[in-house]
Amino acid sequence: MVNKGETLGIVGESGCGKSVTALSVLRLIPEPGRIVSGHIWFKDRDVASYSREELREYRGNDVSMIFQDPMTSLNPVLRVGFQIKEAMVAHERFDNKTADERVVPMLQKVRISDPKERAKNYPHQFSGGMRQRAMIAMGLSNEPDLLIADEPTTALDVTVQAQIIELLRDLNRDMGTAVVLITHNLAVVASLCTRVIVMYAGRIVESGPTRQIFNSPQHPYTWSLLQSIPRIDSTQHDKLLTIAGLPPDLSNPPPGCLFHPRCRFRVDRCSKEEPPLEEVGPEQAARCWVLMKNALAGAEPVR
Amino acid sequence: MTRGTLIYIGQRLLLITLTALIVSSVVFIGVHQLPGNAFLTERRTNAAAQAALLHHYGLDLPWPVQYVNWLTGVLHGDLGESLVNRGVRITPLVLREAATSATLGFWAMVFTVTLGMSLGIVAAVKQNTLLDYVASFCAVIGYSMPSFVTATFLVLLTVTGFYAWTGGTIYENIGWGKPEQIPVPAISLGLLPSAIIFRLTRASMLEVIRQDYVRTAWAKGLRSRIVVIRHALRNALIPVVTILGPITTSVITGSIVIEYIFGIPGLGKEFINSIANRDYNIVIGVFTFYAILVGLANLLVDLVYPMIDPRIRY
């Protein structure tokens, strides 16, 4: 659930279903994957039931997406400007001439210097950061309601990461495009997103306003993730917390709560019944039988 | 065209010239190793007459001198005179026959590229469907059938078969000169290379379709035709263009057999006849001509690369 103009972060470790969720929203799941059940609601319509043509009109126009690796996400044999223009022409929102004229301002908007010359370049003449900017320009060229950014900074170096995140924040503010940011970098989420969803093994385990999640996480998984970040005020002898083990094999999931084999606060019930996603505070929900407020209050840690 | 490209073309043309020189000299030495000579088949057994003929054509001179004489002629655009059909100049003969062969080769290439690429694209887009399986199966057959076998089957089908089934109203009249006589030899010549192009296009498309930038193209909401042609095919084309050089070569050499089977008065037929007749000048001339043609075909392919992929520059 993303509101108009909102910034939502989706976090979780590798392989927990963040990207698949994002690709499902655009129905871009690679074969043999498919949507078995459930709905994708966009403005009161189910995307899962769209026809081919409806789907084509929806992609890149209502919702657009930028990907993890900007080095391979642009077509090497087409000019960058053309690839941006193409996205606009495809949806007939702009005629050929207007689309042409919009390319340079779009590149300017994502802060590419000398945009007029750069539009004529091929992707291999761009740096990684510039390519990601070009991807963002392409994604926003049709003024979509939602931009999904799937780990947009993972493949970039740290200084460029900060610039891209700042760019996304400014564009969100100026253009009113809602942003879903998928990442495993909690710092990025804290700086950009107003709301967070924490995923584990394909399920939402906790969601809520960013500040609340960071200050009082209720699910042990969220809590552990936050504890595993080194803090600038920690002393030399503090040991960094880790989450032992690996995410479960989803073709053979454990019974009960999917996190219980790795959870240090588990109780008997955890291995028998899967907890529902329940409200635990204002706008905050968690999928746990124990909840951190009880766990830290006195219950004995299991390990 | 940039200055770099021009220099590159210059270097390649120089190399082609060098290749032609080496090929012609090797062939020159080779044909003179063949037993007999152009005049033995004739009923002139008189030793004196033989010697006079050899002397007339300069064939009694040492090889190096003969080669230099031949080369001097070539540099003046003259490939010499036929030894068998006396008085026939080879240059116009070769040019006329080359035009015939080029017509056949052109249509064979059109057939090869159209069939191979279109089926390759469709099979890749519809991977693991019946269409893909049938096309891939046929390609294996096409791949393993030499052109002379294909030609024999096609002759059987279009001449004898059509004649029998239609009661003599439709049948192929083998030969050359009429437009309707082009398709059967062209298909015989182009079937094997089209199987090669099919397999390559299919494999290359399958790889490209899974690339991130193709996913980006889908995510932009482009029409499937645009995604397949503009985004996938353009990138998949590079290995396919690469193979066009060797395929041109195989069509050229394949035409030697095909022209012989269909009685087409082209360069290939001339080539075989001239070897049988020991018509030295024609053998060397045609051989050298082939060498230059293959060199030029490969150069052309290399010049097409930068048009497809902007990352390639000379």
Side-chain angles (χ1 to χ4, degrees), chain A residues 19 22-23 25-32 52-80 82-93 120-125 131 134-135 138-139 141-142 144 147-148 150 155, chain B residues 2 117 121-133 201-202 204-242 301-314:
Chain A
S19 294
L23 287 172
V25 173
L26 278 182
R27 295 207 16 214
L28 280 172
I29 303 283
E31 296 275 340
R52 270 173 78 110
E53 185 56 23
E54 282 174 320
L55 192 61
R56 192 188 71 71
E57 272 302 325
Y58 156 86
R59 286 172 178 164
N61 193 14
D62 293 329
V63 176
S64 56
M65 186 160 178
I66 58 176
F67 300 98
Q68 185 169 357
D69 190 354
M71 306 311 268
T72 56
S73 293
L74 287 164
N75 191 325
V77 302
L78 299 174
R79 292 176 202 276
V80 174
F82 179 80
Q83 296 190 48
I84 296 172
K85 175 190 158 187
E86 191 184 42
M88 290 188 265
V89 176
H91 297 290
E92 284 143 17
R93 273 171 80 142
K120 293 180 209 152
N121 280 170
Y122 289 97
H124 71 274
Q125 291 160 307
R131 287 186 216 190
M135 283 295 291
M138 198 154 81
S141 60
N142 284 313
L147 177 74
I148 302 173
D150 185 3
Chain B
T2 61
M117 279 196 16
I121 296 166
V122 175
V125 173
K126 307 227 174 275
Q127 195 198 2
N128 297 334
T129 61
L130 186 68
L131 196 137
D132 179 28
Y133 293 140
T201 309
R202 180 177 173 275
S204 179
M205 279 294 282
L206 282 179
E207 193 187 314
V208 170
I209 279 175
R210 284 164 178 70
Q211 296 291 318
D212 286 351
Y213 53 79
V214 173
R215 185 179 58 186
T216 307
W218 287 118
K220 277 199 267 190
L222 300 180
R223 285 171 207 286
S224 49
R225 189 169 37 87
I226 292 183
V227 175
V228 171
I229 304 288
R230 191 188 285 161
H231 286 264
L233 181 63
R234 185 104 186 259
N235 282 284
L237 224 48
I238 294 161
V240 180
V241 169
T242 309
V301 164
D302 286 348
L303 290 179
V304 170
Y305 283 146
M307 295 179 197
I308 300 173
D309 191 338
R311 288 167 296 183
I312 299 171
R313 290 248 169 282
Y314 296 123

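Sequence lines set the chain letters: A, B, ... in the order given, protein chains first and strands last, and positions in each chain run from 1.
Using a 4.5 Å cut-off between non-hydrogen atoms, the part of residues 58-66 of chain A that approaches chain B consists of Arg59(A), Gly60(A).
Interface check for chain B: of the options Pro144(A), Ser141(A), Pro76(A), Ala87(A), the most heavy-atom pairs under 4.5 Å are formed by Pro76(A).
Using a 4.5 Å cut-off between heavy atoms, Gln68(A) makes no contact with chain B at all. Leu78(A) touches chain B through its side chain: at least one heavy atom from C-beta onward sits under 4.5 Å away, while N, CA, C and O do not. Contacts between Ile308(B) and chain A at a heavy-atom distance below 4.5 Å involve the backbone alone (N, CA, C, O). Using a 4.5 Å cut-off between heavy atoms, Met138(A) contacts chain B through its side chain alone, with no backbone atom that close. If you measure heavy-atom distances from Arg52(A) to chain B, the contacts under 4.5 Å come from the side chain alone. Of the atoms belonging to Glu53(A), it is side-chain heavy atoms, and not backbone ones, that fall under 4.5 Å from chain B. Using a 4.5 Å cut-off between heavy atoms, Arg210(B) does not touch chain A at all.
Annotation: side chain of Trp218(B) is in contact with side chain of Leu28(A) (closest heavy-atom distance under 4.5 Å).
Between His91(A) and Lys220(B) the shortest heavy-atom distance is NE2-O, 2.7 Å. Closest non-hydrogen pair, Gly221(B) versus Ala90(A), comes out as O-CB, 3.9 Å.
At least one donor-acceptor pair closer than 3.5 Å links the side chain of Thr216(B) to the backbone N or O of Ser73(A).
Separation of atoms CG (Asp212(B)) and CE (Met135(A)) is listed at 8.5 Å; rounding is to 0.5 Å. Atom CG in Leu26(A) sits 10.5 Å away from atom CZ in Arg215(B) (nearest 0.5 Å).
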